[in-house]
Amino acid sequence: MDKLEHIEHIENPEHSERLEEIRKGIGDCDDRIIKALADRMVHIQEIIKYKKATGIPILQPEQEKKQEAALKEKLGENQFEEEILDIFKYIVKNSRRVQAKSLFDYNVFLIGFMGAGKSTIAAELQRKLEMNRVEMDEMIVEKQGMSISEIFDEYGEAYFRNLESNCLIELQKVKQSIVSCGGGVVMREDNADHMKKNGRVVLLTASSETILERVKDSDERPILNNHMNVEFINSLQEKRREKYNAVADVTVATDGKTEDEICDEIIAKLIDFDNAHEQ
């Protein structure tokens with residue numbers, strides 16, 4: 001087919017009409033999909049509202065597995081099974097995001113001693129709720145171009161605490177994020193105000209023995225340099241305990257619990273706190 005014949009072939013009215021007909025069919029499908037997705041999200045909001053009112057656990061991973069099994073059964077031998085299942089993964093992911101928006105219209109600040117599990121639990125909450133996650137220490141390292149240990153060595157602890165305060169002020173512009181804070185963030189009273197302006201504060205606790213086990217191989221804990229032992233950790237925890245408790249809206253112990261159990265407890269306690277606050 002030469003160039004002229006190729007152009008005539010493309011501009012053939014019969015071909016154009018057929019393509020437009022097919023495209024219209026796709027557009028009609030898109031319209032139905034949009035309406036169905038919007039309806040589905042409304043139902044998700046209704047479920048969250050009912051769970052909050054009745055005290056039913058918010059996160060129910062077994063229900064997601066049931067939905068996936070039911071979907072596979074409905075698809076049967078559908079030629080597009082793989083593609084449809086992939087699409088539904090994103091639908092479920094965004095359903096979690098709708099749940100989080102219905103539950104928490106604020107930031108969740110995780111505080112506690114180093115090794116209490118803040119970063120680990122922040123990552124798990126991010127996965128479960130599809131909320132944004134912020135690591136304050138990572139923010140500081142990125143902005144300064146230095147590790148935490150290097151900042152302490154070169155500028156001292158007071159300078160580092162200034163950087164923490166500046167991060168919290170900056171985070172007031174952020175919404176619906178899980179924020180993992182540094183262990184000493186409570187040492188300044190102003191920081192509590194920065195956190196509470198647009199968030200709830202969750203204190204994660206752990207025994208000194210548990211903390212030592214979690215951080216003993218880390219070289220990014222400048223406060224513990226040359227003091228990597230239970231006695232020092234315990235004494236430092238005691239010095240900070242009153243400040244931690246004064247700032248916290250809810251407290252969750254992490255010793256001997258799975259990440260799932262800790263996250264479920266955080267969510268349940270935040271909901272109880274919010275309900276009591278509303279009343």
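By the 6.0 Å contact criterion, CD on Glu238 is enclosed, its count of non-hydrogen atoms from other residues, nucleotides or ligands being greater than 12. Other residues, nucleotides and ligands contribute at most 12 non-hydrogen atoms within 6.0 Å of the CD atom of Glu189. With a 6.0 Å radius and a threshold of 12 heavy atoms from other residues, nucleotides or ligands, Lys51 has its NZ atom above the threshold.
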Evaluate side-chain contact (heavy atoms from CB on, under 4.5 Å) for Met139 paired with Leu163, printing each intermediate quantity in order.
CA-CA 10 Å; Met139 277 184 69; Leu163 296 177; over 6 Å; no
Would you sort out whether Gln67 and Leu71 count as a side-chain contact (heavy atoms from CB on, under 4.5 Å), showing the intermediate values?
CA-CA 6 Å; Gln67 288 176 340; Leu71 178 61; over 6 Å; no
Evaluate side chain to side chain donor-acceptor pair (under 3.5 Å) for Arg161 paired with Asn166, printing each intermediate quantity in order.
CA-CA 9 Å; Arg161 298 304 172 200; Asn166 291 338; over 6 Å; no
Assess the residue pair Arg133 and Ser180 against the criterion (side chain to side chain donor-acceptor pair (under 3.5 Å)); give the C-alpha distance rounded to whole Å, side-chain angles, the decisive distance to 0.1 Å, and a yes or no.
CA-CA 8 Å; Arg133 176 169 63 94; Ser180 174; over 6 Å; no
Would Val134 and Leu171 count as a side-chain contact (heavy atoms from CB on, under 4.5 Å) if you check the C-alpha gap in whole Å, the side-chain angles of each, and the deciding distance to 0.1 Å?
CA-CA 9 Å; Val134 177; Leu171 287 171; 3.9 Å; yes
Give the intermediate values and the outcome of side-chain contact (heavy atoms from CB on, under 4.5 Å) for residues Gln176 and Met131.
CA-CA 6 Å; Gln176 291 190 306; Met131 293 175 69; 4.2 Å; yes
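Side-chain atoms of Lys128 do not come within 3.5 Å of backbone N or O of Cys263 as any donor-acceptor pair. At least one donor-acceptor pair closer than 3.5 Å links the side chain of Lys118 to the backbone N or O of Gly112. Here the side chain of Thr254 pairs a donor or acceptor atom with the backbone of Ala116 at under 3.5 angstrom. Of the possible polar contacts, none joining the Glu154 side chain to the Ile151 backbone as a donor-acceptor pair under 3.5 Å is found. Side-chain atoms of Glu124 never come within 3.5 Å of backbone atoms of Asp260 as a donor-acceptor pair (strictly under, hydrogens ignored). No donor-acceptor pair under 3.5 Å is formed between the side chain of Tyr155 and the backbone N or O of Glu150. At distances below 3.5 Å, not a single donor-acceptor pair connects side-chain atoms of Thr210 with backbone N or O atoms of Ala206. Proximity of a side-chain donor or acceptor of Arg240 to a complementary backbone N or O of Gly183 within less than 3.5 Å is detected. A donor-acceptor pair under 3.5 Å is absent between the side-chain atoms of Asp137 and the main chain of Gly182, judged by distance alone. Checked by atom type and distance alone, the side chain of Asn107 pairs as donor or acceptor with a backbone atom of Ser177 at under 3.5 Å.
In plain terms, the two heavy atoms of Asn198 and Gln172 that are nearest each other are ND2-O, 3.3 Å. The shortest non-hydrogen separation linking Leu204 to Ile262 is CD2-CG2, 4.4 Å. Minimum heavy-atom separation, Leu203 to Ala248: CB-CB, 3.6 Å. Residue Ile140 comes nearest to Cys167 through the heavy atom pair CG1-SG, 3.6 Å, listed as atom of the first residue, atom of the second, then distance. Residues Cys181 and Phe109 share a closest heavy-atom pair of SG-CD2, 3.9 Å. Residues Lys72 and Glu81 come closest through the heavy atom pair CG-OE2, 4.4 Å.
A distance of 4.5 Å separates OG of Ser102 from CD of Gln45, quoted to the nearest 0.5 Å. Separation of atoms CD1 (Ile111) and NZ (Lys243) is listed at 11.5 Å; rounding is to 0.5 Å. Note that the CG atom of Leu103 and the CG atom of Leu270 stand 9.5 Å from one another [nearest 0.5 Å]. Between atom NZ of residue Lys101 and atom CD1 of residue Ile44 there is a gap of 13.5 Å, rounded to the nearest 0.5 Å. Separating the CG atom in Asp255 from the OG1 atom in Thr205 is a distance of 6.5 Å, to the nearest 0.5 Å. Distance check: Ile22 CD1 to Glu20 CD gives 10.0 Å after rounding to the nearest 0.5 Å.
Side-chain contact of Glu135 with Ser119: a donor-acceptor pair under 3.5 Å is present, judged by distance alone. Side-chain contact, Asn162 with Arg188: a donor N or O sits under 3.5 Å from an acceptor N or O. A donor-acceptor contact closer than 3.5 angstrom links the side chains of Gln144 and Tyr159. Arg97 and Asn94 are linked by a side-chain donor-acceptor pair at a separation below 3.5 angstrom, with hydrogens and angles left out of the test.
Taking the charged nitrogens against the carboxylate oxygens, Asp31 and Lys35 have no contact shorter than 4.0 Å, which rules out a salt bridge. Ion pairing between a basic and an acidic side chain is recognised when a charged N comes within 4.0 Å of a carboxylate O; Lys257 and Glu265 show such pairing. Under a 4.0 Å N-O distance rule, the pair Asp193/Lys197 does not qualify as a salt bridge.
Relative to the six-membered ring of Tyr106, Arg200 meets both conditions, a distance below 6.0 Å and an angle of at most 45° to the axis.
Looking at heavy atoms from C-beta onward, Glu46 lies in side-chain contact with His43 at the 4.5 angstrom threshold. Looking only at side-chain heavy atoms (C-beta outward), Val202 and Lys269 stay at 4.5 Å or farther from each other.
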